[in-house]
Amino acid sequence: VTCALISAAAEPPSALLVQDAWVRQTPGVDVAAAYLTLHNTGTRAVTIVGIQSPIARTAMIHETKIEGGMSRMRLKESVRVGAGETVKLEPGGLHAMLMGLTHPLTVGESVPLVLKLGDGTSLQALAAVRPL
Ligand SMILES: [Cu+2]
């Protein structure tokens, strides 16, 4: 019983669910965009402050905005998901940018993603590579 209690306390279940994670297939190794849906099942807001992947030298969250008829990407320092809310990273909006890939991504491959949360914990997800 003691062991079960300790293990439950050491690893509280995350209130943030990562759903439908996918990465656009890439011809090269410069850059790939990753998309996913975040759903906060908890009673407190969760903030994502960064993203990493073992297959990318650097990764960050970007926001695409249309400015003066031009589509521009800006670094998004943090993404807040309120209690009970769903936030989508999807084409044309928020996305994760993976840069300096270790290899070209092929369809069917699974790409590990690590979301860094504001409370210092992290959340892992697997993103499926989809065709262009
Ligand atoms: Cu981008």
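As the structure is a computational prediction, the values presented were derived from the model and not from experiment. Remember, it's 1-based here, ligands and their atoms both numbered in the order they're listed. The first residue of the sequence shown is numbered 1, and numbering continues consecutively from there.
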Student: Give every residue pair that meets the salt bridge (Lys or Arg N to Asp or Glu O under 4.0 Å) criterion with at least one member in residues 77-89, sequence neighbours excluded.
Tutor: none
Student: If I compare all heavy atoms of Ser71 with all of Thr64, which pair ends up nearest, and what's the gap?
Tutor: OG-CG2, 3.2 Å
Student: Short question: side chain of His103, backbone of Leu101 - any donor-acceptor pair under 3.5 Å?
Tutor: no
Student: Scan residues 55-65 for pairs that pass salt bridge (Lys or Arg N to Asp or Glu O under 4.0 Å), counting only residues two or more places apart or in two chains.
Tutor: Glu63-Lys76
Student: Donor-acceptor check, side chain of Thr41 to backbone of Ala15, threshold 3.5 angstrom: yes or no?
Tutor: yes
Student: Show me the donor-acceptor pairs, under 3.5 Å and distance only, between side chains in residues 18-27 and residues at least two apart or in other chains.
Tutor:
{"unit_1": "Asp20", "atom_1": "OD1", "unit_2": "Arg130", "atom_2": "NH2", "d": "2.8"}
{"unit_1": "Arg24", "atom_1": "NH2", "unit_2": "Tyr35", "atom_2": "OH", "d": "3.2"}
{"unit_1": "Thr26", "atom_1": "OG1", "unit_2": "Gly28", "atom_2": "O", "d": "3.1"}
{"unit_1": "Thr26", "atom_1": "OG1", "unit_2": "Leu105", "atom_2": "N", "d": "3.1"}

Student: Please report how many protein N/O/S atoms lie under 2.8 Å from the Cu ion (ligand 1).
Tutor: 4
